[in-house]
Amino acid sequence: MELKDDVSIVLCGEAGQGIQTVERFLTRVLKFDGFNVFAAKEYMSRVRGGFNSTEIRVSSNRVKSFVDRIDILVTLKKGSIEHLKKRVSNDTLILGEKANVDDGYDFVEMPFTQIATEIGDKIFSNIVAVGSISAMLNVEFDTIEEFLKAFFAKKGQDIVDKNVRAAKKGYDLGLELVKDGKIKVEVKKDKTVKDDLIFDGATAIGMGAIAGGCNFISSYPMTPSTGVLTFLSEHAKEFGIVAEQAEDEISAVNMAIGAWFAGARAMVTTAGGGFALMVEGMSLAGMIESPLVVNLGQRPAPATGLPTRTEQGDLLFALYSGHGEFPKILLAPGTLEDAFYLTQKAFYFADKFQVPVIILSDQYLIDSYYNVKNLDLPKSAPQKFVVETTKDYKRYALTQDGISPRGIPGGEGLVDVDSDEHDESGHITEDLELRVKMVDKRLKKFDAIKAEIIPPELIGSQKYDTIVVGWGSTYGPIREAIEKIGDNHTAFLYFKQVYPLHPDTKKYLQSAKKKIIVENNATAQFAHLIKSETGMDFDVKILKYNGMPFSTEEIISRLREGR
Amino acid sequence: MELKDDVSIVLCGEAGQGIQTVERFLTRVLKFDGFNVFAAKEYMSRVRGGFNSTEIRVSSNRVKSFVDRIDILVTLKKGSIEHLKKRVSNDTLILGEKANVDDGYDFVEMPFTQIATEIGDKIFSNIVAVGSISAMLNVEFDTIEEFLKAFFAKKGQDIVDKNVRAAKKGYDLGLELVKDGKIKVEVKKDKTVKDDLIFDGATAIGMGAIAGGCNFISSYPMTPSTGVLTFLSEHAKEFGIVAEQAEDEISAVNMAIGAWFAGARAMVTTAGGGFALMVEGMSLAGMIESPLVVNLGQRPAPATGLPTRTEQGDLLFALYSGHGEFPKILLAPGTLEDAFYLTQKAFYFADKFQVPVIILSDQYLIDSYYNVKNLDLPKSAPQKFVVETTKDYKRYALTQDGISPRGIPGGEGLVDVDSDEHDESGHITEDLELRVKMVDKRLKKFDAIKAEIIPPELIGSQKYDTIVVGWGSTYGPIREAIEKIGDNHTAFLYFKQVYPLHPDTKKYLQSAKKKIIVENNATAQFAHLIKSETGMDFDVKILKYNGMPFSTEEIISRLREGR
Amino acid sequence: MDKKIFDMGPIDIAWCPGCGDYGILNAVKQALAELNIPPEKLVIVSGIGQAAKLPHYMKTNFFNGLHGRAIPPATAIKITNPELVVIAESGDGDIYGEGGNHFLHAMRRNPDITVIVHDNMVYGLTKGQASPTSREGFKTPVQVEGVILKPFNPIAVSIANGASFVARASITDIPGTVKILKQAIQHKGFSLVDLFQPCVTFNKLNTYQWFRENTYYLEDTYDPHDRIEALKRSFEEDKFPLGVFYVKEEKTFEENNMAYEIDKTPLYKREVDLK
Amino acid sequence: MDKKIFDMGPIDIAWCPGCGDYGILNAVKQALAELNIPPEKLVIVSGIGQAAKLPHYMKTNFFNGLHGRAIPPATAIKITNPELVVIAESGDGDIYGEGGNHFLHAMRRNPDITVIVHDNMVYGLTKGQASPTSREGFKTPVQVEGVILKPFNPIAVSIANGASFVARASITDIPGTVKILKQAIQHKGFSLVDLFQPCVTFNKLNTYQWFRENTYYLEDTYDPHDRIEALKRSFEEDKFPLGVFYVKEEKTFEENNMAYEIDKTPLYKREVDLK
Ligand SMILES: Cc1ncc(C[n+]2csc(CCOP(=O)(O)OP(=O)(O)O)c2C)c(N)n1
Ligand SMILES: Cc1ncc(C[n+]2csc(CCOP(=O)(O)OP(=O)(O)O)c2C)c(N)n1
Ligand code: SF4
Ligand code: SF4
Ligand SMILES: [Mg+2]
Ligand SMILES: [Mg+2]
């Protein structure tokens, strides 16, 4: 078979079989060799067994989207093809060992384990696979060797040699297939890609946090958000970050708010169920006007739902989280770059406006990665809005824009905050006229916030008559779909800030004959939010809620079918 | 001064001075004597000191609303007039003891304490006051005597006698004022009122719960919702109710859900901050399709806010409470009668549709009371929707309307519920097609729910061009205002079920030239909800968020000013 | 009764091969069978975690609720229908971490439920972070330089907090565990079984061997009615004692409850009488 | 230092006349003054309740947060700025009830904070329901026939759970309380002071007289380093011992934290370096 410019390789097997390893190695090796890569995984809520799969796209151009199509399927366990049957076609080249391939499918025997055992241990089979696939994509073997040497250096020469031998054997195996004409792949390399960064969504958010000056994270493990806690823990020492695993999410959010009070820049990372336990804390942040950054990694709910899958089901829950009325900001990154910049921005917003800021990520965004042409790191330390206090300092001084200069304890003045309604000095009050002043003060901050809303991005035809609206992680598939459709009357409006809603939203929608919303949930929550703000309805709602992200093909066909 | 048909008496003093006692005695004595009474209190978040006041309206017709006007002010502490200055006018008759009256105001000296001490103890002063006021309203002394005898019977003859003497002295004092022409009150009595019930909102909800078959309440104390827990605790023995004070709200809601699972009919009562800790439980109820009844007694927030005041600030928070997507029902009683019937109905809805039902009450509703012409108690025990299980029982059997027959453990079949996505038998699943079926099943229940939405009530002119929309506890003041304005082109649309929204809502609004919303919050949350469902805006938003309820006069004037 | 009655037949179990949870599943079935408790009369309440998946792998009524929240529903289920045998079962992170407050206060009520904690000293399902019982120095992706918190001692805290039955078992000895589980289930009141369970995937420190080498049974002469003695033994950590540390007779939550003062019929069977 | 430095001047205090909280306010100011801790270097973190209003009545930095949540912010504040003296102070319902899980786990971290619990054995602000420390039989509008739960024993649980400083005081003796508070504040690590406080309005059982008659001080010869001995004494309830039950030296959360491994400057003073 012949493949050109864009190849989708899927590895499927059971949890614990090392698919993650193959994924990690392969994507990096490919990138080092100059290929654009994208990877997304789909896995079950279990540590061993079941069926997990990883898609690796290798492409002549940068790609940032999941596709259904499988060009090459490496099956590591019987049942994998069944597991992926909707995506496997006659054009799919199936590779694997007889024992691991479902009956009744043509496939090319790849004796990974056998080779591995010859070398000394079954565990090398993953490296053998990496070698084979690399060969088919005509990766230079030196690249692989170099990578393995660096990677296993600490493990000692013997391990290095064995891995290199395993890779070589696999590589030769791959070359044969190419020679035999069983497969022919033509994907352009781009030397500059070699120096690209490659990381996943969790890392992007973690790096964005550090860039935003984050030096405190208190959280409780919860898929898919744990990666951010792990990332910051790994860098706790070098960057001086307090990374604390709290006893529960209530403690986590109250610690984070306490940390801001004392002068730290704090965040929490969680998923819907954990966030549910933090909403009282959201309200506290709203009342004492504390900055707070929350990474809300969405997953299918209600309740425990499908812990390792993806969904955009918590938008309205997050928007109205916390009792009472107070401003908040909701961001929704659709790319790894945005995950980085928006998280950094979240700290700026939180600190400047003294409000909670929620980053609506999800499992798909957090677990996928691709090569990125370096991020521009802030030249200087992040801007901070903390003031020196003087003897007469009043935490809630009434100001024009409702924002009171925020001081921290330790200075000349006293810093007093209170979850009850309070006076300018932060002391509890039952003065009902003051109550009104304070409510107005807190809500007035919306004006300042609205002046800095991140505008939605219009992609595709500027003279559109059909507009496709999306937010957050659906960016990849929608964008690719629009590009592939490539007509001159359809545009994609991508929202990376979903609340407050940008004032141009209505204008954008009004200039379209047909309005389409795409959401990874069952009730079109963003459409609902847009209607509550603009009164406008969507003509078509393209929704998906089986726990999987949209694929490019799916968006294309559903846009065509209009459902 | 002369007062006719509608008298507003306000007692003001500090916490712990016994205003509550006077209120309780007076309202009951008045009712027993055939007067229509209404009472609402306003108090600080403290146990002693400060300023609390109670308004008692005595009227020829039934009244259910708070008024600003004060006809007779009984001041029990210096500073009371200052505390109420906005409401005190030249027409206000001020009664009190010199020491307790602010300087510079005309007042009639009432030596309550002196008389009390003569009788033997200062504590009798409250009874003296009751006597005086009763006299001014020409209550038969026999009624008072009868009431006191019954009330203090257990305390022994001596106590009874002293109280009766105190009342008599006060009564004579009051008669003098009348004789001296200092005051003349003409309010019609209605013998039938004697047999009316008189209770407050907390009791109404508690009685409604019992009528709805409630036999389990697990809650954590929180103003203003505690009264419901107290009421059910007091009746725990006679009605066989498990009334448990949980260690926290998380435990409370999870206990309630567990109780339903085993066959009880359970509720929780809480306020915004406590509810914030229950939203994960809301999501659990949504996922395992458990019935759940929540009394959410709203109070000014965010966070601790103004614990003893009133607000309608948790509508959207409650509506979107819980991560993920699942149906729920929101009720909002505006009268004590509705508080009773809707709570009863809440158990019916919860049990029939297997969804959480939230009763949006608030401090104003919970703490006010008036005489009610008896409630029609259900003739029979409440309808229950629990089925006997058989060997092949499946808790989540897929059905036409999405409602699966709900069995409880102990029968032939096994009852299995799971917070993860599950199959028909309740077992955890990662089958993504089944996931879609289950999401659809849960959301499909909305159709059944929508078939039974309680319609909004249209009050006033049927051929209106101005429509005033209100929900929950604003009913009283809005209704009285509309009646007082009494034009033939204004109508009041009262929503007692705020979600799902009744389909006629749009029709009602469309037939008005001018649309006005009245809400006891700062952001017009119900207007927002209506817009998100109908796309329709309101021309005027009459909002109040200082912690006090609307008064009739305020609604009248703001409707006139149109702001 | 034959423990087969609890078997689900061929199902896909999500636990790792070699996980201690298999042994616990066996021991629980065995104990219930020996006590002749049929699936229909049993309710297992669990939270979320690997341990919490247990009820899915046996025939029983179950309430698989929220992470950390197994005990409140268990308490409510028991008082709603005292005729049911109620077991709350979950992981160490679930019950001692997220659910710590319920753990602390439920024993003050003394409901007649049995709490079985799969104590693998790690968060398994979320892939290996420290749990409250993780030993100091235990390295994880979050505790990169090792745990710095003092390990939670559920036995000592429960005894100090007045629990009426406190035991520890280790699934490295299934028969021994069955014996302890039976006593716990039979105890009238709140009973805790802290059950050591190797997590072969994420806990390379507290392995089968480690649990074998670092545990021993309280001697037969040991008297579980002496609270101070029980506490002394609960602090032993060079080698962890197994067995029943402490027992006391006490009225249960159900017996004390006002709802059952006049009428003893289970709540769920009653009809409100509005007269 | 003169304790006047903490005075707010004429303010309206919401506590009932005669409430034990006045004495606590005094004792706290006195202890801080004797330790020369100026208001600017002090942060009092409280939850919600009558006790939790205390910081409003003295000059200090304060964080009056949510009901039950005083301890987590206190822990975070201390590690963000170890130069501050951090006291978490709230009611028995707040810290042992709603906040029980934080109470349980914070002491495992051993942050250098002092936790002062106004133990009036009742929920004051919400008008008299039972608290975790309410005695059995205590009647309230919710516990109409009296409390049926066993009272929570914060002293025993804290010692069993490894707290590094555990004391009980009674505001019926202010000088004695000041002494204990000073030791608690000076202790490097997590210190608990369970402080008996009469609620004159809602607790007619545990009055000033009751506390006087039912407490006594641990004898001077008492050695607070013996855990078992400390536990024995913690169980005495015919008369409740006052004083320091248990103390141990242990590294604090701040000392153990990776963020301070390389660089000792307080977190809040640092700038990220993105190289
Ligand atoms: C509120 C909430 N927080 C976090 C999680 C994520 N979570 C699922 S299981 C688990 C801990 C598992 O550890 P443990 O309870 O010890 O059980 P084990 O897997 O070790 O058997 C966590 C943190 C969740 N499901 N819900
Ligand atoms: C989440 C939440 N639940 C409940 C309340 C209501 N509440 C305020 S104070 C309090 C308890 C007060 O008792 P305690 O902590 O002992 O303090 P005390 O008033 O006795 O000093 C409660 C239940 C609240 N504010 N927040
Ligand atoms: S991760 Fe650990 S606890 Fe979970 S199944 Fe695997 S071995 Fe068992
Ligand atoms: S209610 Fe009790 S605790 Fe609260 S102030 Fe009054 S006496 Fe003190
Ligand atoms: Mg565990
Ligand atoms: Mg208290």
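All chains are named by letter (A, B, ...) in the order of the sequence lines, taking the proteins before the strands, and each is independently numbered beginning at 1.
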Let me know which of A:R395, A:Q354, A:K441 forms a side-chain hydrogen bond (donor to acceptor under 3.5 Å, both in side chains) with A:S404.
A:K441
Find the one option among D:V45, D:T75, D:I262, D:L66 whose heavy-atom pairs under 4.5 Å with chain A are most numerous.
D:L66
Ring-face cation contact, D:Y260 with D:R270, 6.0 Å cut, 45° max:
yes
Taking the inter-plane angle between the rings of D:H187 and D:F165 on a 0 to 90° scale, is it parallel (under 30°), tilted (30 to 60°) or perpendicular (over 60°)?
tilted
Distance (rounded to the nearest 0.5 Å) between A:D423 CG and A:L434 CG:
6.0 Å
Exercise: do D:N110 and D:T252 side chains pair donor with acceptor under 3.5 Å:
no
Who among A:A264, A:P409, A:A381 has the most heavy-atom pairs with chain D under 4.5 Å?
A:P409
Considering all heavy atoms of both residues, which atom of D:A88 and which atom of D:A74 are nearest to each other, and what is their separation?
CB-CB, 4.0 Å
Side chain, backbone, both or neither: which part of D:R108 has an atom under 4.5 Å from a heavy atom of chain A?
neither
Checking A:K379 against chain D: side chain, backbone, both or neither under 4.5 Å from a heavy atom?
neither
Flag the pair A:F349 / A:L342 as yes when at least one side-chain heavy-atom distance between them is below 4.5 Å, and no otherwise.
no
Side chain, backbone, both or neither: which part of A:I241 has an atom under 4.5 Å from a heavy atom of chain D?
backbone
Identify which of D:M258, D:K41, D:K78, D:K269 forms the greatest number of heavy-atom pairs closer than 4.5 Å to chain A.
D:M258
Does any non-hydrogen side-chain atom of D:L54 lie less than 4.5 Å from one of D:D21?
no
Segment of D:N257 engaging chain A (4.5 angstrom heavy-atom cut-off):
side chain
If one checks every heavy atom of A:S233 against chain D at 4.5 Å, the contacting part turns out to be backbone
Please rank D:N101, D:N61, D:T80 by heavy-atom pairs under 4.5 Å with chain A and give me the top one.
D:N61
Given heavy-atom pairs under 4.5 angstrom as the criterion, report whether the side chain, backbone, both or neither of D:E261 touches chain A.
side chain
Chain A contact via D:I48 - side chain, backbone, both or neither, heavy atoms under 4.5 Å:
side chain
Please classify the contact between A:E244 and chain D as side chain, backbone, both or neither, with a heavy-atom cut-off of under 4.5 Å.
side chain
Salt-bridge present (D:E254, D:K264; N to O < 4.0 Å):
no
Inspect the contact between D:K182 and D:E34 and indicate whether a charged nitrogen and a carboxylate oxygen are less than 4.0 angstrom apart.
yes
With chain A, the option among D:L42, D:L84, D:I11, D:L104 that has the most non-hydrogen atom pairs under 4.5 Å is D:L84
Aromatic ring pairing A:Y396/A:H422, orientation class (parallel under 30°, perpendicular over 60°, tilted between):
parallel
Measuring heavy-atom distances to chain A, does D:K59 have an atom under 4.5 Å in its side chain, in its backbone, in both, or in neither?
both
Please classify the contact between D:T60 and chain A as side chain, backbone, both or neither, with a heavy-atom cut-off of under 4.5 Å.
backbone
Contact part of D:H105 toward chain A, heavy-atom cut-off under 4.5 Å: side chain, backbone, both or neither?
side chain
Counting heavy-atom pairs under 4.5 Å with chain A, the top scorer among D:I79, D:D263, D:I44 is D:I79
